[in-house]
Amino acid sequence: MITKDKRFPEEEYMTSGHLACAGCGATIAMRYALKALGENVIVVLPACCWTIIPGAFPHSALKVPLLHVAFETGGSSAAGVKAGLEMKGDSATTVLAWAGDGGTFDIGLQALSGAAERNDDFIYVCYDNEAYMNTGIQRSSATPSLTWTTTTPAHQTKDEAKKNIMEIMAAHRVPYAATASVAYPEDFFQKMKKAKATKGLKFIHILSTCPTGWRLPTQLSIKAARLAVLTRIFPLYEIEKGDTYTINLKPEFCSVQEYLGLQGRFSHLTDQEKEGIQGTVERMWERLLRKEMSNVKAQNPNQ
Ligand SMILES: Cc1ncc(C[n+]2csc(CCOP(=O)(O)OP(=O)(O)O)c2C)c(N)n1
Ligand code: SF4
Ligand SMILES: [Mg+2]
């Protein structure tokens with residue numbers, strides 16, 4: 001269960017004056033992440049909305065060092081920064097790779113896979129807004145099927161399902177992988193703390209609300225993030241060493257319509273298509289419950 005952590009710090013490592021759209025989930029995510037990690041962090045940023053958000057050099061909305069790197073190199077660049085710090089005898093600085101879904105699920109997957117296979121010691125956050133937002137809302141392999149984007153318009157929607165990045169990371173047997181949401185700050189905070197305290201490659205997958213790309217009113221950004229969890233579209237869970245699953249919140253049934261209905265990117269969906277999405281969500285939820293149950297069975301073989 002999610003518990004309230006009273007130690008949520010008041011220090012801010014992200015300032016006002018950033019360049020994100022109003023209601024951007026990715027900015028709230030960075031603010032929470034840095035609160036959990038503290039000031040001794042180097043952020044490694046492959047091309048994405050977050051390349052723009054801090055502002056143009058010499059200005060920056062972050063109070064921690066920031067390294068802009070090529071789109072496909074989040075995993076390898078962060079590994080290089082970590083290796084450089086080790087050469088200097090610095091084991092205290094946390095390296096945080098911070099990439100979008102395009103930079104993680106698609107073009108950066110090879111670099112991330114290499115870092116995961118080597119178990120390089122850094123935190124990799126994917127803030128997943130389910131499209132290439134910075135370049136104009138193009139579909140990525142994180143875009144859910146049937147979603148409107150500029151390259152998958154309503155009359156020609158995406159057929160393919162969203163890639164399951166958490167299972168890909170589990171297959172690498174990384175020490176720690178977790179999903180997180182800006183609508184559940186305590187859970188988010190605890191997971192970032194746990195990632196910081198764990199050695200090796202840590203992967204945090206955040207569903208990052210994007211009012212611009214999701215055709216979502218800005219004031220409903222956190223509501224949409226919360227409904228993604230409550231409808232079980234984006235469950236909160238952790239995977240340790242690739243095979244120990246913990247579901248952090250098990251919500252009662254809530255129709256996916258509550259989530260889909262808020263967003264213009266789903267406004268073209270027929271009732272039948274929405275029922276199909278509901279069915280897929282339920283199947284994936286059952287599958288996740290079985291995975292968690294298999295931990296218990298492994299611990300108690302007689303159950
Ligand atoms: C090799 C290369 N191809 C394309 C681009 C152009 N580009 C910059 S950001 C971006 C989209 C990034 O999408 P995502 O990683 O999902 O982050 P978001 O913009 O959604 O925050 C693209 C295509 C680039 N910088 N480098
Ligand atoms: S396009 Fe979306 S992800 Fe990018 S800054 Fe705007 S709200 Fe944030
Ligand atoms: Mg994106």
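First listed ligand is number 1; within each ligand, the first listed atom is number 1.
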Margin query: Any N/O/S atom from M133 (main chain or side chain) under 2.8 Å of the Mg ion (ligand 3)?
Written below: no
Notebook entry, point to check: Does K162 pair with D128 as a salt bridge, N-O distance under 4.0 Å?
Noted result: yes
Checklist line | Parallel, tilted or perpendicular: rings of Y237 and Y245 (30°, 60°) | finding: parallel
Note to self: Could you tell me if the side chain of R265 sits less than 4.5 Å from the side chain of E130, heavy atoms only?
What the structure shows: yes
Notebook entry, point to check: So which of T209, V182, I206 actually passes side chain to side chain contact (heavy atoms under 4.5 Å, CB included) with I28?
Noted result: V182
Check: Should I239 and M166 count as side-chain neighbours, where that means a heavy-atom distance under 4.5 Å?
Finding: yes
Next item on the list: Would you check the N or O atoms of Y132, main chain and side chain alike, for any that come under 3.5 Å of an N or O of ligand 1?
Entry: no
Note to self: Over 60° means perpendicular and under 30° means parallel, so tell me whether F203 and Y124 are parallel, tilted or perpendicular.
What the structure shows: parallel
Margin query: If we set the cut-off at 4.0 Å for heavy atoms, which region of D101 has an atom near ligand 1: side chain, backbone, both, or neither?
Written below: both
Next item on the list: Side-chain contact test, heavy atoms from C-beta onward, threshold under 4.5 Å: evaluate it for V43 versus W50 and give yes or no.
Entry: no
Check: Counting heavy atoms only, which of G213, A99, P46, C49 is nearest atom 18 (P) of ligand 1?
Finding: C49
Checklist line | Flag side-chain contact, heavy atom, 4.5 Å: K250 against W285 | finding: yes
Checklist line | Nearest neighbour of atom 6 (C) of ligand 1 from the list T212, T135, I107, on a heavy-atom basis | finding: T135
Notebook entry, point to check: Judged by non-hydrogen atoms, does Y127 sit under 4.0 Å from ligand 1?
Noted result: yes
Margin query: Pairs of nitrogen or oxygen atoms closer than 3.5 Å, one from N129 and one from ligand 1: do any exist?
Written below: yes
Item checked: Value rounded to 0.5 Å, distance of CD1 in I204 from NZ in K194 -> 9.5 Å
Item checked: Salt-bridge present (E11, K63; N to O < 4.0 Å) -> no
Check: Has A142 got an N, O or S atom lying less than 2.8 Å from the Mg ion (ligand 3)?
Finding: no
Check: Should A70 be listed as contacting ligand 1, given a heavy-atom distance under 4.0 Å as the test?
Finding: no
Notebook entry, point to check: Would R226 and S181 count as a side-chain contact (heavy atoms from CB on, under 4.5 Å) if you check the C-alpha gap in whole Å, the side-chain angles of each, and the deciding distance to 0.1 Å?
Noted result: CA-CA 8 Å; R226 187 174 303 115; S181 167; over 6 Å; no
Item checked: Residue pair K202 / D121, side-chain heavy-atom distance below 4.5 Å -> yes
Notebook entry, point to check: Which protein non-hydrogen atom lies closest to atom 9 (S) of ligand 1, naming both residue and atom, and how far is it?
Noted result: N134 ND2, 3.3 Å
Notebook entry, point to check: Which atoms of ligand 1 have any heavy atom of A131 under 4.0 Å away?
Noted result: 16 (O), 20 (O)
Next item on the list: Under 4.5 Å between side-chain heavy atoms, chaining through other members, with only Ile, Leu, Val, Met, Phe, Trp and Tyr counted: pull out the rest of the cluster around I277, sorted by chain and number.
Entry: M133, I137, L146, W148, L207, W214, L216, L220, L227, I233, F234, V256, Y259, L260, L262, F266, L269, V281
Next item on the list: Report the protein N/O/S neighbours of atom 8 (Fe) of ligand 2 that fall below 2.8 Å; do not count waters.
Entry: C24 SG
Item checked: In one Ile/Leu/Val/Met/Phe/Trp/Tyr side-chain cluster, 4.5 Å: V44, L112 -> yes
Checklist line | Proximal atoms of ligand 1 relative to G102 (non-hydrogen, under 4.0 Å) | finding: 14 (P), 15 (O), 16 (O)
Next item on the list: First locate atom OG1 of T143, then atom CG of N129, and finally report the distance between them rounded to the nearest 0.5 Å.
Entry: 9.0 Å
Margin query: Of all the N, O or S atoms in D101, which has the shortest distance to the Mg ion (ligand 3)?
Written below: OD1
Next item on the list: For the atoms O of A131 and OD1 of N129, give the angle they form at the Mg ion (ligand 3), rounded to 10 degrees.
Entry: 90°
Check: Which option, F71, W98, F105, owns the non-hydrogen atom nearest atom 26 (N) of ligand 1?
Finding: F71
Notebook entry, point to check: What residue and atom, counting heavy atoms only, is the protein's closest point to atom 17 (O) of ligand 1, and at what distance?
Noted result: C48 CB, 3.3 Å
Checklist line | Ligand-side contact atoms (ligand 1) for residue partner G103, heavy atom cut-off under 4.0 Å | finding: 15 (O)
Item checked: Per-atom contacts, ligand 1 versus A47 - under 4.0 Å to a heavy atom -> 8 (C), 9 (S), 12 (C), 25 (N)
